[in-house]
There are 2 protein chains.
Amino acid sequence: MTTAKNKKFKPINNESSSNISQEVVSRLRDMIHRGEIKAGDKLPPERDLAKLLNVSRPTLRAGIRSLVAIGVLQSKQGAGTFVVNNEGPPSLDGNQLRLLASLRGFTNSEMFEARLALEMSVAGLAAERATSDQLASLAEELAGIFGSIDEPEQFLVHDMNFHQLVAAASGNRILTSLMNMVATILFDVRSKTVKRARDLKESAEMHRIIYRAIRDRKVEDARNAMREHLLNAQAAQAKEMEIGENGKK
Amino acid sequence: MTTAKNKKFKPINNESSSNISQEVVSRLRDMIHRGEIKAGDKLPPERDLAKLLNVSRPTLRAGIRSLVAIGVLQSKQGAGTFVVNNEGPPSLDGNQLRLLASLRGFTNSEMFEARLALEMSVAGLAAERATSDQLASLAEELAGIFGSIDEPEQFLVHDMNFHQLVAAASGNRILTSLMNMVATILFDVRSKTVKRARDLKESAEMHRIIYRAIRDRKVEDARNAMREHLLNAQAAQAKEMEIGENGKK
DNA sequence: TTTATCTATTGGTCTTACCAATAATAGATT
DNA sequence: AATCTATTATTGGTAAGACCAATAGATAAA
């Protein structure tokens, strides 16, 4: 253990009104903001870090646990605690929005409007920016969509994958993260209703139109195609829910 | 303490691969999803709940801490632990996105594009839906904007408030929540640069145009006005940062 | 009835001990 | 020398017990 690397962890003297474990959170958060701790870094072992910060180990754990919960840190028994890595798509935990949805009961219009805002934008940006690799992946997922027209649940998975690839092709990580968050509540709802889907062929066709607009670099066409698709998807889902309610009588 | 109310908390027999505190999280989360625990509910005291779930109190605290970190529960020393309340604007914790921004270094374009997607949509929806109370609040904030043209930091506060009111007037809680999340990183950046702002009068004027479009129910005008404002804001901010860099030489 | 004080409740912090998963090290085999 | 296996050390996870600090509720006094 190199003490030089640990010099940056200074004792906490809690003189503010908040509790000590919240100070631990603030301290680590500020160090991340200031770049003193970077993506992928391993924190000192809990016992050591607790000593360095002059708090008890359970108090330190409480702070670490908070940061783990929001996805900034990862703890691994036997290995250590790490700042999440830079690799791969950025990810915001969808649980927060999901629980908010449960507590609040977001309406279908709210979800549709949120999708419209986000997904029209990413479609337009994807038409500007998609790489040939990304276009190839989109084409593959499109094939998957057409290949699962008779299997609604499989269709849904390909559908979600297609939308994620469009977001990735937009090159905007904030929009991608927000879209993925909204996708978690959407998946919750749709996985319950999709087995009653009736006309997935039309939906598949719309994905093809989106793909072609992106491939051909037609920004407004991509935006409009995504809009039409989302309108159609909302109508289809409303029908799926209606069938569900009639099916109960 | 009524034992009837506590019947729903059943012991955890951990047979899955995840650790026990994560099971606590899952259990409470599922109960919220299923409506067995509702907004505003008080959970049993930690000592009692730990016994009911057949885990130690520190383990229960770890689970609760996670849910507190994502904003679903609130713990208050001497009072108890509560499910967050239904009242007031929905709120997603901005810290996750903020730390992601620090770890990843979101570009100004990414932020601008995200704002464009979200704020054009809420402006259009606000033009459809704003109540007269909301319009009155917007007018007040507009007055605040015009009244602080010579005080950039105060201007920024009114500017942010105006945008939040537009979001509230959209009547879409998902978009409002997402926008507020993005606003936290934006505020971080802008509070550092705004003191170097030069021509806030033009910005104030653009807020007026947005307000009028919303008041007059002109959806496309509201969208376009917001777009122009954001374009102008991005150019202004780029200039603020440029002045900052030149100011260092 | 209202206000002040006291007590009980409940979350926050700490110490100590032990368990469980992972990583590192040592020894045996090829 | 390289590879595999077993053992040990490290590090996060869980538990028990004690005590502190903040809040809420009960009681007493004005």
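Each chain gets a letter, A, B and so on, in the order the sequences are listed, and its residues count up from 1. The figures here come from the full heavy-atom set of this structure, side chains too, leaving out hydrogens, waters and symmetry mates.
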Checklist entry - Is there a residue in residues 58-66 of chain A whose heavy atoms reach under 4.0 Å of DNA chain C, and which residues are they? => result A/Pro58, A/Thr59
Checklist entry - Any side-chain N or O of A/Ser21 less than 4.0 Å from the OP1 or OP2 oxygen of C/dT13? => result yes
Item to check | Short side-chain N/O contact to D/dG12 OP1/OP2 from A/Thr81, under 4.0 Å | outcome: yes
Checklist entry - B/Ser56 side chain N/O closer than 4.0 Å to the phosphate oxygens (OP1, OP2) of D/dA15? => result yes
Checklist outcome for this item: B/Arg47 atom CZ is separated from D/dC19 atom C1', nearest whole Å, by 10 Å
Checklist entry - Below 4.5 Å, heavy atoms only, C-beta onward: do A/Tyr211 and A/Glu141 meet side chain to side chain? => result no
Next on the checklist: Whole angstroms only, please: what is the CZ-P distance between B/Arg57 and C/dG11?
Outcome noted: 7 Å
Item to check | Ionic contact status for A/Glu36 with A/Lys10, cut-off 4.0 Å | outcome: no
Checklist entry - In whole angstroms, how far is the P atom of C/dA20 from the CG atom of B/Asn19? => result 13 Å
Checklist outcome for this item: Contacts of A/Gln237 meeting side-chain hydrogen bond (donor to acceptor under 3.5 Å, both in side chains) (sequence neighbours excluded), chain-then-number -> none
Item to check | Proximal nucleotide (of C/dT22, D/dA16, D/dG13) relative to the A/Ala79 side chain | outcome: C/dT22
Checklist entry - If you check the B/Ile20 side chain, which of D/dA15, D/dC19, D/dT11 turns out closest? => result D/dA15
Item to check | Nucleotide of C/dC14, D/dG13, C/dG12 approaching A/Val55 most closely (side-chain heavy atoms) | outcome: C/dC14
Checklist outcome for this item: Partner of A/Met111 under side chain to side chain contact (heavy atoms under 4.5 Å, CB included), picked from A/Val182, A/Leu116, A/Val189, is A/Val189
